[in-house]
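Scroll down for the structure; my scribbles are underneath it.
For the numbers below, each heavy atom of this structure counts, side chains included, while hydrogens, waters and symmetry mates do not. These numbers were taken from a predicted model, which means no experiment stands behind them.
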Amino acid sequence: MASGGLQLLGFVLAFLGWIGIIISTAMPQWKMASYAGDNIVTAQALYEGLWMSCAMQSTGQIQCKVYDSLLKLEGSLQATRALMVAAILLGLVGLFVAVTGMKCMKCMEDDQVKKMRMAVFGGVIFIISGLAALVATSWYGNRVARAFYDPFTPVNTRFEFGSALFIGWAASSLAILGGSFLCCSCPRRETSYPPTRGYPKNASSTGKDYV
């Protein structure tokens with residue numbers, strides 16, 4: 001029962017982490033403009049994401065523009081895109097594999113060993129998915145921080161961490177933690193000892209004398 005509860009907890013955490021990775025990938029707030037200088041800007045907020053850049057005016061109107069060409073983007077941005085998409089696809093595969101190995105499901109009930117292995121394998125896939133998202137968000141955040149502290153970067157073009165990065169970090173941590181719980185939910189194999197053989201009783205031990 002304890003392993004079943006740990007397995008269910010791991011699946012829920014990994015599923016929430018996978019949903020968070022999808023949300024983080026779709027959000028345009030990967031970095032937001034920093035207003036540390038004395039420049040007067042007409043927009044209330046400027047955001048840039050993996051797929052588009054947005055500007056929210058002081059009136060509350062939001063205007064977004066999708067990046068025109070994939071080939072014109074920076075190589076680091078393309079790599080971040082690829083890692084996040086790979087994390088989403090791996091999470092989808094891990095979701096189906098882990099569901100098959102859940103104890104509450106009736107799939108593969110005739111072979112409990114294979115069923116537990118499917119749950120562990122799903123946990124490993126979730127861990128890889130979380131690591132891919134963690135690498136992508138950390139790499140992107142490192143680039144933002146280096147550009148912010150670069151003295152050659154103009155003040156009006158400096159950016160800070162956006163909310164999508166924090167969601168991505170939290171989501172990847174949940175996916176890794178949930179996958180670890182799924183891997184640990186497999187009960188240990190009990191050591192089986194060969195059955196003890198009874199010794200043949202001696203006829204004299206019966207206490208009967210035969211003539």
Side-chain angles (χ1 to χ4, degrees), residues 13-92 94 123-181:
L13 291 177
F15 178 75
L16 292 177
W18 178 65
I19 295 296
I21 292 174
I22 296 176
I23 295 174
S24 175
T25 305
M27 289 178 63
Q29 292 90 355
W30 276 65
K31 62 180 181 179
M32 57 182 299
S34 174
Y35 304 108
D38 299 330
N39 298 323
I40 300 176
V41 294
T42 57
Q44 184 178 356
L46 296 174
Y47 303 106
E48 287 189 11
L50 299 180
W51 315 98
M52 66 185 71
S53 59
C54 298
M56 185 172 64
Q57 306 295 332
S58 57
T59 57
Q61 183 180 4
I62 301 177
Q63 296 178 349
C64 295
K65 180 182 178 181
V66 181
Y67 298 139
D68 297 329
S69 175
L70 178 64
L71 300 178
K72 293 182 180 180
L73 298 177
E74 299 178 0
S76 57
L77 182 59
Q78 296 182 17
T80 305
R81 275 185 175 184
L83 284 173
M84 294 302 291
V85 172
I88 293 175
L89 295 178
L90 284 172
L92 181 62
V124 173
I125 297 177
F126 272 122
I127 292 176
I128 298 175
S129 173
L131 288 176
L134 184 61
V135 170
T137 51
S138 300
W139 186 14
Y140 192 96
N142 181 54
R143 288 177 50 247
V144 173
R146 291 177 60 184
F148 182 86
Y149 291 109
D150 190 353
F152 298 101
T153 303
V155 178
N156 58 348
T157 59
R158 292 182 178 178
F159 288 85
E160 298 179 355
F161 296 158
S163 56
L165 279 181
F166 296 102
I167 295 177
W169 284 326
S172 58
S173 301
L174 285 177
I176 295 173
L177 183 61
S180 302
F181 283 168

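Listed here is the closest heavy atom pair of V66 and W51: CG1-O, 3.5 Å. A pairwise comparison of heavy atoms in L83 and A136 identifies CB-CB, 3.7 Å as the closest pair. Smallest separation of non-hydrogen atoms from L77 and L73: CD2-CD2, 4.0 Å. Summarising the geometry of P28 relative to Y47, their closest heavy-atom pair is O-CB, 3.7 Å, with the distance given to 0.1 Å. L177 and L13 get closest at one heavy-atom pair: CD2-CD1, 4.0 Å. Between A133 and S172 the shortest heavy-atom distance is CB-CB, 4.0 Å.
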**Item:** Step-by-step side-chain contact (heavy atoms from CB on, under 4.5 Å) determination, M56 to Q63
**Value:** CA-CA 6 Å; M56 185 172 64; Q63 296 178 349; over 6 Å; no

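By the 4.5 Å heavy-atom criterion applied to side chains, F148 and E160 are counted as neighbours. Between M32 and L46 the shortest side-chain heavy-atom distance does not fall below 4.5 Å. Two residues are said to be in side-chain contact when any heavy atoms from C-beta on lie closer than 4.5 Å; I127 and S180 meet this criterion. Looking only at side-chain heavy atoms (C-beta outward), F126 and L90 stay at 4.5 Å or farther from each other. No side-chain heavy atom of E48 sits under 4.5 Å from any side-chain heavy atom of Q29. Looking at heavy atoms from C-beta onward, K31 lies out of side-chain contact with L165 at the 4.5 angstrom threshold.
At distances below 3.5 Å, at least one donor-acceptor pair connects side-chain atoms of S129 with backbone N or O atoms of A87. Looking only at distances, no side-chain donor or acceptor of Y140 sits under 3.5 Å from a matching main-chain atom of S76. Remark: side-chain polar atoms of S138 are not paired, donor with acceptor, to backbone N or O of V135 under 3.5 angstrom. At distances below 3.5 Å, at least one donor-acceptor pair connects side-chain atoms of R81 with backbone N or O atoms of L50.
In this structure, F15 and W18 have tilted ring planes: the angle between them lies in the 30° to 60° band.
In this structure, W169 has its ring center closer than 6.0 angstrom to the ring center of F161.
With sequence neighbours excluded, the residues satisfying side-chain contact (heavy atoms from CB on, under 4.5 Å) with I167 are S24, M27.
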